[in-house]
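Have a look at the structure below, then the notes.
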Amino acid sequence: MSNTRAWRAKQRTSKPNARQKRNGLFLDAHPICQSCGASPSEEAHHDLPHGHPDRNLDRYMRALCIPCHAAVHWPKARYQNQR
């Protein structure tokens with residue numbers, strides 16, 4: 001699920017959960033993509049796997065635009081789209 005500003009403006013539930021709040025605050029603090037530096041950040045990427053105790057620390061998160069976030073998860077697809 002992407003965590004865009006438009007999505008945060010229109011909440012899906014009356015009370016957002018802790019993950020939604022945390023990712024929203026992180027993206028508000030980092031408005032520019034930390035990978036390309038040219039696009040607005042729209043998704044929070046966690047560098048550590050699920051269940052790791054330090055997963056939600058800011059130093060292990062990156063604010064990324066949608067194309068950069070997709071490239072992190074599917075680097076092969078990015079290469080094929082450039083051909």
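Note that these values count all heavy atoms, side chains included, but never hydrogens, waters or copies made by symmetry. Quick note: residue numbers are just sequence positions, from 1. In this text, all values refer to a predicted model and were calculated from it rather than measured experimentally.
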Test salt bridge (Lys or Arg N to Asp or Glu O under 4.0 Å) applied to Asp58 - qualifying residues, sequence neighbours left out: none

For His73, what residues pass the side-chain hydrogen bond (donor to acceptor under 3.5 Å, both in side chains) criterion, not counting sequence neighbours? His45, His69

Hey, does Leu27 have a side-chain heavy atom less than 4.5 Å from the side chain of Glu42? no

What's the shortest heavy-atom distance between Asp47 and Met61, and which atoms? OD2-N, 4.5 Å

Rounded distance [0.5 Å steps], CG in Asn23 versus CG in Asn17: 9.0 Å

Closest heavy-atom pair and its distance - Phe26, Ala63: CE2-N, 3.4 Å

How would you list, by chain and number, every residue that makes a side chain to side chain contact (heavy atoms under 4.5 Å, CB included) with Leu48, sequence neighbours excluded? His52, Asp54, Arg55, Tyr60

Do the non-hydrogen side-chain atoms of Cys65 and Cys36 ever get within less than 4.5 Å of each other? yes

Rounded to the nearest 0.5 Å, how far apart are CD of Gln34 and CG of Leu64? 7.0 Å

How long is the gap from CD1 on Ile32 to OG on Ser41, to the nearest 0.5 Å? 7.0 Å

